[in-house]
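Notes for the one structure printed next.
Keep in mind it's a predicted model, so treat the numbers as computed, not measured. These numbers come from the heavy atoms of this one structure, side chains and all, not from hydrogens, waters or symmetry mates. Start at 1 and go down the list; that is how both ligands and their atoms are numbered.
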Amino acid sequence: MFAVYAAEANPEQPLEALRVGERPDPELPRGWVAVSVRAASLNMHDLWTLRGVGIKADQFPMVLGCDGAGELADGTPVVVHGVVGDASVYGDETLDPRRTLLTEKYQGTFADTVVVPERNVLPKPEELSFSEAACMGTAWLTAYRMLFTKSGLRPGQTMLVQGASGGVSTALVALGRAAGMRVWVTGRSEEKRALAARLGAHETFESGERLPERVDAVFETVGKATWGHSMRSVRPGGTIVVSGSTSGPDPSADLQRLFFTQIRVVGSMMGTRDELADLLDFCRLSGIRPQIGTELPMTDAPSGFAQMLAGETAGKIVFTR
Ligand SMILES: NC(=O)c1ccc[n+]([C@@H]2O[C@H](COP(=O)([O-])OP(=O)(O)OC[C@H]3O[C@@H](n4cnc5c(N)ncnc54)[C@H](OP(=O)(O)O)[C@@H]3O)[C@@H](O)[C@H]2O)c1
């Protein structure tokens, strides 16, 4: 079958490990289903995989793509849930110590067909296109869990999103605005800040700019480049929710400020099947849709990867079949 895959790990030049070509058709284990992929979206996770982060060397070649939407053999339109874990034991599959995301152990969605356990597909709401639905399983699910499960924010409170144009950040802005939060965003360029404002941010700031007042919660996916600002921007007793560190981890965690102002730092990882179902309903009911900055045929995937690597995002990058 056609697939976009990582041939090997290349920590320094990740795009050199990227291949567009043929991979064997997948086998269908008992209790799993085959999804004929219609659209899938690019996540930073795919660049990490090309770099060899979060994947063992013997797992290559690996078809990339952590989320997607498509059709089952009988034509039923579905959204793929990318976390494979045991919810029956842990209640929350993200807490299963053996949980794995698509592309870590099992082949991903940038292909004609992806196979996943039966519980890892959910009905696609009619109101969402395949491309929109393809954004839900990773970036949007992560944003949903950060905001609604982890932050403890109530409508009317103020949230700061670090980064304006990324997949997770644009999802946080749209979800926060729709849920009645006051949404503040930092962005690295005028253009990116303008995008955040269009998506519903009440105010935007340059990266690192001093805010008019401290916020109730900060949403972090950037890491070292913004961590100090996040620590300075949260009110005493407030919360920083962290789901990524694109610019690397910050070795100086500013522990003194952390305990002195009693900041809560909360980690967040993808989301559960139930959260994905609620997210799909929230999009349907509120009318919000993912911001798709680039849509390309999957055969042109390398140019989408190059865009993300260069930081030239304007929302999600989606590949279609
Ligand atoms: N834990 C999880 O479950 C989970 C799930 C999804 C993603 N993640 C992580 O979250 C991060 C973002 O993923 P994504 O798919 O949303 O990536 P993306 O679409 O490429 O977005 C990258 C974001 O990071 C910001 N950024 C990058 N470098 C920066 C810097 N030096 N200074 C300030 N801002 C910077 C960008 O801000 P501008 O708009 O200002 O350029 C942009 O908003 C990745 O590290 C990813 O691994 C984690």
Side-chain angles (χ1 to χ4, degrees), residues 14 40-51 53-55 64-67 81-83 85 92-95 99-104 134-147 149-150 160-174 185-199 201 204-209 218-230 241-250 266-272 275-276 279 290-294 304-318:
S41 88
L42 180 62
N43 291 282
M44 187 65 82
H45 194 90
D46 299 303
L47 280 172
W48 294 128
T49 304
L50 288 165
R51 289 189 162 108
V53 177
I55 179 169
L64 297 166
C66 309
D67 55 24
H81 175 42
V83 183
D92 174 335
E93 64 269 32
T94 67
L95 299 177
R99 66 109 213 273
T100 171
L101 310 186
L102 288 183
T103 74
E104 290 173 352
C135 301
M136 294 290 132
T138 299
W140 273 65
L141 177 61
T142 301
Y144 183 92
R145 183 177 177 92
M146 289 173 82
L147 181 56
T149 310
K150 299 286 186 173
L160 174 69
V161 181
Q162 295 285 18
S165 70
V168 177
S169 3
T170 49
L172 280 164
V173 172
V185 178
T186 64
R188 289 185 288 176
S189 70
E190 191 65 50
E191 205 183 349
K192 286 166 184 261
R193 292 191 290 276
L195 171 69
R198 277 204 306 284
L199 295 178
T204 65
F205 304 89
E206 288 180 26
S207 298
E209 186 179 333
V218 182
F219 294 83
E220 252 296 348
T221 59
V222 180
K224 195 159 54 180
T226 52
W227 182 254
H229 182 252
S230 296
V241 188
V242 187
S243 75
S245 55
T246 304
S247 60
D250 190 339
V266 183
S268 195
M269 188 68 206
M270 295 288 281
T272 63
E275 285 167 325
L276 180 54
L279 165 64
Q291 158 68 18
I292 298 173
T294 302
F305 276 81
Q307 240 180 286
M308 181 173 274
L309 185 63
E312 288 163 4
T313 44
K316 291 293 295 172
I317 297 169
V318 174

So which heavy atom on [X] is nearest to which on [Y], and how close?
X      : Y      : answer
Met270 : Leu101 : CG-CD2, 3.8 Å
Pro14  : Leu309 : CG-CD1, 4.2 Å
Gly187 : Ala164 : CA-CB, 3.8 Å

If we ignore hydrogens and angles and just use 3.5 Å, is the side chain of [X] paired with the main-chain N or O of [Y] as donor and acceptor?
X      : Y      : value
Ser247 : Ala225 : yes
Lys316 : Leu42  : yes
Asp46  : Leu64  : no
Thr226 : His229 : no

[X] heavy atoms, cut-off 4.0 Å: which ligand 1 atoms fall inside?
X      : answer
Ser245 : 45 (O)
Thr142 : 2 (C), 3 (O), 4 (C), 5 (C), 6 (C)
Ala225 : 30 (C), 31 (N), 32 (N)
Lys192 : 38 (P), 39 (O), 40 (O), 41 (O)
Ala164 : 37 (O), 38 (P), 39 (O), 40 (O), 43 (O)
Gly187 : 40 (O)

Which residue and heavy atom of the protein sit nearest [atom], plus the separation:
atom                    : result
atom 37 (O) of ligand 1 : Gly163 CA, 3.4 Å
atom 12 (C) of ligand 1 : Thr246 OG1, 3.8 Å
atom 4 (C) of ligand 1  : Ser243 O, 3.5 Å
atom 47 (O) of ligand 1 : Trp48 NE1, 2.8 Å
atom 3 (O) of ligand 1  : Met270 N, 2.6 Å
atom 10 (O) of ligand 1 : Thr221 CB, 3.5 Å
atom 24 (O) of ligand 1 : Val222 CG2, 3.9 Å
atom 19 (O) of ligand 1 : Gly167 N, 2.8 Å

* Going through the distances and angles, do Glu275 and Thr149 end up as a side chain to side chain donor-acceptor pair (under 3.5 Å)? -> CA-CA 9 Å; Glu275 285 167 325; Thr149 310; 2.6 Å; yes

* **Option with minimal heavy-atom separation from atom 42 (C) of ligand 1, where the choices are Gly166, Ser247, Gly54** =>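 Considering heavy atoms of Gly166, Ser247, Gly54, the nearest to atom 42 (C) of ligand 1 sits in Gly166.
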
* Counting heavy atoms only, which of Arg188, Met44, Gln162, Arg145 is nearest atom 26 (N) of ligand 1? ->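 Minimum heavy-atom distance to atom 26 (N) of ligand 1 goes to Arg188.
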
* Check the pair Arg188, Ser165 against side chain to side chain donor-acceptor pair (under 3.5 Å), reporting the backbone distance first and the verdict last. => CA-CA 9 Å; Arg188 289 185 288 176; Ser165 70; 5.9 Å; no

Modelled atom types, side-chain donor and acceptor of [X] and [Y], under 3.5 Å:
X      : Y      : answer
Thr272 : Asp92  : no
Thr186 : Arg193 : no
Glu220 : Ser243 : no

[X] and ligand 1 - part of the residue with a heavy-atom distance under 4.0 Å:
X      : answer
Ala139 : neither
Val168 : both
Met269 : both
Ser165 : both
Ser169 : side chain

* To do: Please state whether Ser268 comes within less than 4.0 angstrom of ligand 1, counting heavy atoms only.
  => yes

* Over 12 non-hydrogen atoms of neighbours within 6.0 angstrom of CD in Glu209 ->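 Atom CD in Glu209 is packed in, count exceeds 12.
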
* Can you find an N/O atom of Thr313 closer than 3.5 Å to an N/O atom of ligand 1? ->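 N/O-N/O distance under 3.5 Å: no.
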
* Intermediate values then yes/no, salt bridge (Lys or Arg N to Asp or Glu O under 4.0 Å), Arg99 and Glu93 -> CA-CA 7 Å; Arg99 66 109 213 273; Glu93 64 269 32; over 6 Å; no

